[in-house]
4 protein chains.
Amino acid sequence: MFTLGVADSSTPTRERIVDEAMRLFGEVGYKGASVARIEAAAGLQPGSGGLYHHFSSKEEVLVVGIRRHLDRLDALRDIRRVIGDLGDTRAELKVTARYFLAELDAQAELLRILVSESRSRPQLLTEAVDKLISSTFDSFADWLVDTADGLDRDRARTVSALALGSLLSSRLLRNVLGVDALAPDDESTVEAWVDMVCGMLPSDEPRVNT
Amino acid sequence: MFTLGVADSSTPTRERIVDEAMRLFGEVGYKGASVARIEAAAGLQPGSGGLYHHFSSKEEVLVVGIRRHLDRLDALRDIRRVIGDLGDTRAELKVTARYFLAELDAQAELLRILVSESRSRPQLLTEAVDKLISSTFDSFADWLVDTADGLDRDRARTVSALALGSLLSSRLLRNVLGVDALAPDDESTVEAWVDMVCGMLPSDEPRVNT
Amino acid sequence: MFTLGVADSSTPTRERIVDEAMRLFGEVGYKGASVARIEAAAGLQPGSGGLYHHFSSKEEVLVVGIRRHLDRLDALRDIRRVIGDLGDTRAELKVTARYFLAELDAQAELLRILVSESRSRPQLLTEAVDKLISSTFDSFADWLVDTADGLDRDRARTVSALALGSLLSSRLLRNVLGVDALAPDDESTVEAWVDMVCGMLPSDEPRVNT
Amino acid sequence: MFTLGVADSSTPTRERIVDEAMRLFGEVGYKGASVARIEAAAGLQPGSGGLYHHFSSKEEVLVVGIRRHLDRLDALRDIRRVIGDLGDTRAELKVTARYFLAELDAQAELLRILVSESRSRPQLLTEAVDKLISSTFDSFADWLVDTADGLDRDRARTVSALALGSLLSSRLLRNVLGVDALAPDDESTVEAWVDMVCGMLPSDEPRVNT
DNA sequence: AATGAATGAGCTTTCATTCAT
DNA sequence: GATGAATGAAAGCTCATTCAT
């Protein structure tokens, strides 16, 4: 019989299950995605329990799926590697903003799942949030301390939280809540954001508001 | 027989049902809060269907609960009334920040519900998000245009989204995702935020970063 | 407050309950007519249990309603009183047919209920069927024996069952199953029926088929 | 574990469900036959929802069951094929009567269900009644027109309705209402019925009543 | 007499999971 | 590895009935 599902039957079943499950978890929530529906999306017979040949429970699929997302996020943990050293603060900030937004977009599915399931599965969140959020905020705070003379650690953390938070919220609103068009386009947002962060640095250079 | 529920039995049952339901929806999500559990929390016999003497469906409880929250939010729609005219931009911003954070805290429950149920009940969100988010962002953008000479409307919307977004994300992280302590305390955050916003205004006055 | 229900509020509540209940039982069946719906139809607050001030249970309403219908049927028990003695067999049969059809129409509601609930409440049927059906059939058989010389009792019972049965089925089909227009109009049916019954009598006129 | 249900566990579950469901629908009505009870009768664990692996709803079981009954009735649609051509009117009528009674007995279960559910599910009845009743009546009327010279179509329909109706009502009373023994035995009934129908035909032999 | 509120039992349906094949 | 069938538990909801007011 032919596999009529959307899933590519060349990838191993286990992978297809995780992929489709995570997609469904993002779309309709963990509770809303029944095992039968996941099976159907993965090209298995719905309700046949085929999922249990690959995972011991529905929850395990979620855990494996989240872990897989997180593995791809390890690079983000040290945002400084991304920023690099361009010798120009504004250029470095621009790269940072674009990269952070791109990452949030790439992880939109994960974000949706984390947000939906945060309350019912708090233990799942610890590692995820740490990799996705906390460490990024810390890392950016470190960069701030190094870049801006005289910025103390606490102030840097506050600035980091406000700065990255403003980008995060734009993506949470758009990708999670579905609220659109609160700001014009990404490039304007990045420009304004760079201005904003520069304005918070106790810089010695003359600042320009555009 | 004694009423063993946590709810205050002096308030009418209908109110207790909405209160407890909204609390549970925020804690464990709409699907996670079974009618039986809501009834128990409201001091009714769980599973007896007592909820249906006051509401025609579980969904109606959610709708009524959300509407009740929204009714209290009407004042927030025009944030400018709150800002008032203190004659001092920094002071006005400080008030704005504190008020916005306080509102987000007061509506933490609503936020949690909106975020959890956004995908399964998009129609419910339209009004809510508009009152809670969009109109506030717009209103603040208006204030920016009026306050800062030479700030064009698009730029003002971008600044508004970034500025309020940074406050919003701090509350989403704390009240919805449960991520704590990314920034020290509220007062430092407000201070830094005021600096930040001032830094984005094409001001004529000399600005001071503290 | 005004009573908006269809029921005439001048008749005593108890009567209104029986009336509306029987109407609903006929329309949607015993199980389909909830106590709340009966109350609403009777001008009481639905779900308030007002019915129980007049009846000890929903079933009692049915019993009382059926009994009330049956009381009106006592006259039918001796169909011979209706037929009377017109001195003309054909005329007497015509009256019989018209009367029987009219009675079945008048008791359409009762018929519907009896048919719907016959299996779940067999004890209720005994008296009803006896009054409505059996005794009528017997009574007509008696008339046949008296009217037609040489008709033995068994044959008379068979003829009665066939003759009245054909009228009964036309009403069951129309009033209970809702099947319409299997025969043109009532008067043609009556005519044909009189012919039919006359043809079955061992009349003094030459009859052909035995 | 042993299968304790009454149903033969060698027939497929789906068949057993339909069989037992139709039996129960006939006995206690559609509403009276709970899914759990049907499951138990079909040898499944009551309340486990096993029925839903074979049907999407309780209603679907009814529809499938009725359709199955109807499929067996297609032959009856043209009663003339059954009557055939025996060259003898009385003989042909005898066959007709016996066949019609036998069919009504075979479909007693279906009759009970149709009668009980006629009001709540009128759409279900259309096809059923047409196959079981209307077409049979029409078909017999056709035969009457062909057999009896000078019988016009309207009169034939009336006679058909009266004649078959008298047989139908005997079975409705016995198989649906449970009223017994209004007529002695089937053979006497058939004899009398043949007499009756012959008496209504404008035969070439001298007939008296028109 | 009437009502608002409550309740226990039952309803149809969903679903995660198991297991023999 | 995959499937069809089965199951226990729980879901949202309905309803006949009771009772204090």
Side-chain angles (χ1 to χ4, degrees), chain A residues 1 3 12-14 30-39 42-61, chain B residues 1 3 12-14 17 30-39 42-61, chain C residues 1 3 12-14 30-39 42-61, chain D residues 1 3 12-14 17 31-39 42-59 61:
Chain A
M1 207 222 288
T3 299
T13 301
R14 190 182 155 92
Y30 179 79
K31 288 215 172 177
S34 71
V35 170
R37 197 165 160 188
I38 295 169
E39 286 168 340
L44 298 177
Q45 206 61 27
S48 70
L51 180 144
Y52 293 92
H53 288 283
H54 303 275
F55 301 93
S56 67
S57 72
K58 183 183 168 184
E59 173 128 19
E60 200 200 294
V61 180
Chain B
M1 207 221 289
T3 298
T13 301
R14 190 182 155 93
I17 289 174
Y30 180 78
K31 287 214 172 178
S34 72
V35 170
R37 197 163 159 189
I38 295 170
E39 286 168 340
L44 298 177
Q45 205 61 26
S48 71
L51 180 144
Y52 294 94
H53 289 282
H54 303 275
F55 300 92
S56 66
S57 70
K58 182 182 167 184
E59 173 129 20
E60 201 199 306
V61 181
Chain C
M1 207 221 291
T3 297
T13 301
R14 188 182 157 92
Y30 179 79
K31 288 216 170 177
S34 70
V35 170
R37 196 165 162 187
I38 295 168
E39 286 168 341
L44 297 177
Q45 206 62 25
S48 70
L51 180 144
Y52 294 93
H53 288 282
H54 304 274
F55 301 93
S56 66
S57 71
K58 182 181 168 184
E59 174 129 20
E60 200 199 294
V61 182
Chain D
M1 207 220 290
T3 298
T13 301
R14 190 182 155 94
I17 289 173
K31 286 212 174 179
S34 72
V35 170
R37 197 163 159 190
I38 295 169
E39 285 168 340
L44 298 177
Q45 205 61 25
S48 71
L51 181 144
Y52 294 93
H53 290 280
H54 304 275
F55 300 94
S56 66
S57 69
K58 182 181 168 185
E59 173 129 21
V61 181

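Residue numbers begin at 1 in each chain, while the letters A, B, ... track the order of the sequences.
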Rounded interatomic separation in angstrom, taking [atom1] from [X] and [atom2] from [N]:
X	N	atom1	atom2	answer
D:Glu59	E:dC11	CD	P	18 Å
B:Ile38	F:dA11	CD1	P	11 Å
B:Ile17	E:dA5	CD1	C1'	10 Å
D:Arg14	F:dA6	CZ	C1'	17 Å
C:Gln45	F:dT17	CD	P	19 Å
B:Lys31	F:dA10	NZ	P	17 Å

Which residues satisfy the side-chain contact (heavy atoms from CB on, under 4.5 Å) test with B:Tyr30, sequence neighbours excluded?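 Result, side-chain contact (heavy atoms from CB on, under 4.5 Å) vs B:Tyr30: B:Phe25, B:Lys58, B:Glu59, B:Leu62, B:Glu117, B:Arg121.
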Across all chains, not counting sequence neighbours, the side-chain contact (heavy atoms from CB on, under 4.5 Å) partners of D:Thr13 are D:Arg16, D:Ile17, D:Leu44, D:His54
Would you confirm whether B:Gln45, through its side chain, and B:Gly50, through its main-chain N or O, come within 3.5 Å as a donor-acceptor pair?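 Not a single qualifying donor-acceptor pair exists.
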Nearest-neighbour nucleotide for the B:Lys58 side chain, E:dT3, F:dC13, F:dA16 considered: F:dC13
What's the closest nucleotide to the A:Leu44 side chain, out of F:dT3, E:dA6, E:dA2? F:dT3
With both pairing distances under 3.5 angstrom for Watson-Crick or G-U wobble, and | for a partner in another strand, the correct string for DNA chain E is .||||||||||||||||||||
Residue pair B:Ile38 / B:Val61, side-chain heavy-atom distance below 4.5 Å: no
With nearest nucleotides of DNA chain F determined for A:Leu51 and B:Ser57 from heavy-atom distances, which residue corresponds to the more 5′ nucleotide?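 Upstream on the strand: A:Leu51.
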With a cut-off of less than 4.0 Å, is there a side-chain N or O of D:His54 near OP1 or OP2 of F:dG4? no
Which atom names give the shortest non-hydrogen contact between C:Ala36 and C:Pro46, and what distance separates them?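 Heavy-atom minimum between the residues: O-CB, 3.5 Å.
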How do A:Gly32 and D:Ser34 order along DNA chain E: which one's closest nucleotide is nearer the 5' end? D:Ser34
Pairs: protein N or O with nucleotides 18-21 of chain E N or O, under 3.5 Å:
none

